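Working notes, beginning with the structure itself.
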Amino acid sequence: MSTDVRDILELEKAAPEITKESILGPQDAKKKKFSHVLTPRSSRRPEGMAREVFALLYNDNKDAPPLLPTDTGQGYKQTKAKLGMRKVRPWEWTPFTNPARTDGAVFHHWRRVADEGKEYPFAKFNKKVPIPTYTDAEYAQHLQSDWWTKAETDHLFSLCRQFDLRFIVIQDRYDEKKFQKRSVEDLKERYYSICSILHKVRKLPGAEPKAFDADHEKRRKEQLARLYNRTPEQVEEEMTLMTEYRKIEARKRERDKKTQDLQKLITAADNQSDGTKSEKKTVARKKFTQVRPKIDTSVIETAGIKFPDCKSSGVSVRSQRMKLPASVGQKKMKAIEQMLQELGIEENPMPTEEICQHFNELRSDMVLLYELKMVLQTCEYELQSLRHQYESMSGDSKEPKPAASTQ
């Protein structure tokens, strides 16, 4: 190279040309040096690896996972612990006392020198229930009881202060040798009644303490004990009774629904009175409505067939008015065909204006009659089943005598 020759001969060196590569260095070398880190193939998540697991191995900077847990709050994006070069704060083995303890016990722990003189940090968790106190004058004037003495009441309140109203422990530590045996409910009732009386007498602000019902609590515990002490046979019997009760409720709902359907059909038959119908049919319907009891109908729905109105623009055929709608089922269509055959009427008569109107009304009445027959059969079946149930329950297999005819 010419630069080497000039260096050997100690000649002046030519001023080097300033370029981007001379300052930053060749870019190809950097790419080759960090190719094992920056290649997209190495940072691609392998198949079958969860995204969360892969995030623990790599982050945005392609750094290795940290050796220490951090509290930077940046999640997996900033996982490196920032360790400073400052001196560590000094700690020392110091004695301390817990304000929650009344025995003055001294303990030792490691503590920062800067925190010397501060209160024990866990003392703030020492919460005590405020137990009211009373004077002799207040007890003599307001708190006397035929079932409790003052010494026994004082003993109860001292235990309440000692065990923070844990009445199960209080009842266990109650001095039964000196005083009579008391249940948990009796202790609660005496304590809360005194608290309520003191609140009223002193007129303290705030809500009044709730009264404790000892009888209700005793009955509740007795029922719970009785429920817990059931035998497997009793549990099985209860499940059987519950299953029968659900069946009875289901039958009752089904019967009510069928009764409502029957009421709707009868109401629809009453509302479909036409001026063109014969006088004989009107008289028969009036007789039927007189014999039938009054039915409270809150919702009236028309039964029968609802033929669509052909109001489309353009030319239409009059026979389209006699076409049964899609809402009519196959059973009703078969019933209409059978009734028309019994009456000797054609299934497709001449579609004049008058014939279309009367033929549609006739088939609508046929559908209404078919539905009434189905409801009547259902009612007769239920009546027969109820009659059999009554006979089986009463033990009398004789059928009831028919009522005497009035005709």
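Quantities reported herein were computed from a predicted structural model and do not represent experimental measurements.
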[X] bridged to [Y] by N-O distance under 4.0 Å:
{"X": "Arg166", "Y": "Asp164", "result": "yes"}
{"X": "Asp115", "Y": "Lys118", "result": "yes"}
{"X": "Arg182", "Y": "Glu152", "result": "yes"}
{"X": "Arg251", "Y": "Glu382", "result": "no"}
{"X": "Arg387", "Y": "Glu391", "result": "no"}

* **With Glu217 via side-chain hydrogen bond (donor to acceptor under 3.5 Å, both in side chains) - residues at least two apart** => Arg220
* To do: Return the set of residues passing side-chain hydrogen bond (donor to acceptor under 3.5 Å, both in side chains) with Arg202 (not counting sequence neighbours), or none when no residue passes.
  => Glu138
* Asked: In chain order, what residues pass the salt bridge (charged side-chain N to carboxylate O under 4.0 Å, His left out) check against Lys150, with sequence neighbours excluded?
  ->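 Lys150 satisfies salt bridge (charged side-chain N to carboxylate O under 4.0 Å, His left out) with Asp136, Asp154 once adjacent residues are dropped.
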* Under the ring pair (Phe, Tyr, Trp, His ring centres under 6.0 Å) rule, collect the residues that match up with Phe179, sequence neighbours excluded. =>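 Ring pair (Phe, Tyr, Trp, His ring centres under 6.0 Å) list for Phe179, sorted by chain: His155.
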* To do: Return the set of residues passing ring pair (Phe, Tyr, Trp, His ring centres under 6.0 Å) with Trp110 (not counting sequence neighbours), or none when no residue passes.
  => Trp93
* Should we say atom NZ of Lys334 is surrounded by more than 12 heavy atoms from elsewhere, each under 6.0 Å from it? -> no
Scan the side chains in residues 225-241 for donor-acceptor partners under 3.5 Å anywhere in the protein, sequence neighbours excluded, and list what turns up.
from   : atom 1 : to     : atom 2 : distance (Å)
Asn229 : ND2    : Ala225 : O      : 2.9
Arg230 : NE     : Leu227 : O      : 3.0
Arg230 : NH1    : Glu238 : OE1    : 2.2
Thr231 : OG1    : Gln234 : N      : 3.3
Gln234 : OE1    : Thr231 : N      : 3.3
Thr240 : OG1    : Glu236 : O      : 2.9

